[in-house]
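Atoms considered below: every heavy atom in the structure, side chains included; atoms not considered: hydrogens, waters and symmetry mates. Along the sequence shown, residues are numbered consecutively beginning with 1.
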Amino acid sequence: MSAESTPEPGIPESVVTGPRRGRGGRRTARGKGRRALRVTAWTAAGVVALGGVGAGYVYFKLNGNIRSVDIDQALGADRPGRAGNGSENILVLGSDTRSGSNRALGGGADDGSARSDTAMIVHVYQGHRRASVVSVPRDTLIDRPACTDTGGGSHPAASGVMFNSAYSTGGAACAVKTVESLTGLRMDHYLEVDFAGFQRLIDDLGGVPVTTTRAIADPQSHLDLKAGTHTLDGRQALGLVRTRHGVGDGSDLGRIQLQQAFVKALLGQVREVGVLTSPKKLYDLADTATKTVTTDSELGSVNALVDFADGLKGIRSSRMTMVTMPVRYDPADPNRVLMEKDKAQLVWKALKNDRRIPRAATEGTATGEAKGVVSP
């Protein structure tokens, strides 16, 4: 089946129109979060809050929540060049570490490691009026380049390994290095969201309504939903965006389709709850969001994140496209996929030249057969 390009919701203008604070320090998560939110929903809610909170104690409290990593220092100068035309690429990762407060969430055992459960490349076009989002399946077999992590540790190259091994091997820096090696595109920013934070964001929003066209039962992600309309709390929402065995063909591609549908529902809920009319809800969302994400150092302050988000308010849902990186199932292992290199090159070339992704890039590629199972 064909992995079709589908419009994705942009960040609502009302979400990012709060007073601007001017440019601040550098951080990667928050600005990334805004980006990601468009792509991964939950962070959007948090950035919304950042646009409206006041100064003084609130500013310093939120600023102190933010964690960042210096990707540029870790990767050095051997990277693709910046576009230089105002367009930007953001790598958004959802981390499924099982340690700490994440231990009881989303299934799986605490083995002391962390994995990138969700990966999206967000390309914001020149003028910041349109965007394309490319989801990268975690189960894609790739050749991982040698990389240096943010702690200075070196990791050798590896062939035929899963895409998400880059993050578990060398963290954010190795994940960025791997994506840049695959695509030839420079990742200008980085955003990472973890399990526990995602759950709190959804709960702070009061839940997210969705409709399922069939029952979804997946004990591994702790999700059990009957067909019908539900208001998902944080734990259920986390289960939905992580489930793969309870719907479709049980693949990571199906999970990606569920994530895309949930993003639409989440952004719709952000509009409905009217967070900008409630200072307390606004603060709660901002506090949770800034504790939830890790960013690159350039977006490492509230000022920088708000300024970044304000620059995205012109991107509407009709101007956003979401696709899955062109892949095919691995004939040697149905649980793995291989990148369709020729078609993928159409995607990377389009983004490099700041053009729309052509339909030919995704026609005839693998899909997870879960499209339409969940809707806002």
*With the threshold set at 4.0 Å, does a side-chain nitrogen-carboxylate oxygen contact exist between R130 and D354?*
no
*Linked, directly or transitively: V179 and L141 (ILVMFWY side chains, under 4.5 Å)*: no
*asked:* Applying a strict under-4.5 Å side-chain criterion to I, L, V, M, F, W and Y, I'd like to know whether V136 and M162 cluster together.
replied: no
*According to the disulfide (SG to SG under 2.5 Å) rule, which pairs have a member within residues 344-376, sequence neighbours left out?*
none
_Looking at M187, is its backbone amide N or carbonyl O close enough to the side chain of R79 to form a donor-acceptor pair, meaning the two atoms are under 3.5 Å apart?_
yes
*Output the distance between atom CG (L185) and atom CG (L91), rounded to the nearest 0.5 Å.*
11.5 Å
*Is it the case that more than 12 heavy atoms not belonging to N353 sit under 6.0 Å from its CG atom?*
yes
*Under 6.0 Å from the CZ atom of R356, do we count more than 12 heavy atoms belonging to anything else shown?*
no
*Keeping the roles fixed (side chain from T243, backbone from G239), state whether a donor-acceptor pair exists under 3.5 Å.*
no
*Looking at residues at least two apart in the chain, or sitting in another chain, which of them share a side-chain hydrogen bond (donor to acceptor under 3.5 Å, both in side chains) with K291?*
D287
What pairs of donor and acceptor atoms, side-chain ones from residues 333-341 against any protein atom, are under 3.5 angstrom apart with sequence neighbours left out?
{"from": "D333", "atom 1": "OD1", "to": "N335", "atom 2": "N", "distance (Å)": "3.0"}

*What residues form a side-chain hydrogen bond (donor to acceptor under 3.5 Å, both in side chains) with S375, not counting sequence neighbours?*
none
*Does Q73 reach the main-chain N or O of T150 with its side chain, forming a donor-acceptor pair under 3.5 Å?*
no
*Donor-acceptor pair, side chain of N85 and main chain of Q126, under 3.5 angstrom*: no
*Are the side chain of N63 and the backbone N or O of V302 linked by a donor-acceptor pair below 3.5 Å?*
yes
_Side-chain donor/acceptor of D143 to backbone N/O of G160, under 3.5 Å_ = yes
*What's the shortest heavy-atom distance between Q236 and T231, and which atoms?*
OE1-O, 3.7 Å
*Distance-only, no hydrogens or angles: does the R186 side chain make a donor-acceptor pair with backbone N or O of R82 under 3.5 Å?*
no
*asked:* For T211 and T229: C-alpha separation, side-chain torsions, deciding distance, then whether side chain to side chain donor-acceptor pair (under 3.5 Å) applies.
replied: CA-CA 4 Å; T211 297; T229 299; 3.1 Å; yes
*How would you list all residue pairs meeting disulfide (SG to SG under 2.5 Å) that involve residues 134-171, not counting sequence neighbours?*
C147-C174
*If two hydrophobic side chains count as joined below 4.5 Å and joins carry through other members, does Y125 share a cluster with V134?*
yes
*Would you please name every residue forming a side-chain hydrogen bond (donor to acceptor under 3.5 Å, both in side chains) with S159, sequence neighbours left out?*
none
_With clusters defined by side-chain heavy atoms of hydrophobic residues (ILVMFWY) lying less than 4.5 Å apart, directly or transitively, does F163 cluster with V161?_
yes
_Gap separating the CD1 atom of I357 from the CZ atom of R355, nearest 0.5 angstrom_ = 11.5 Å
*In one Ile/Leu/Val/Met/Phe/Trp/Tyr side-chain cluster, 4.5 Å: L225, I202*: yes
_One thing to verify: whether R200 and D203 come together as a salt bridge, which I'm taking to mean a side-chain N less than 4.0 angstrom from a carboxylate O._
no
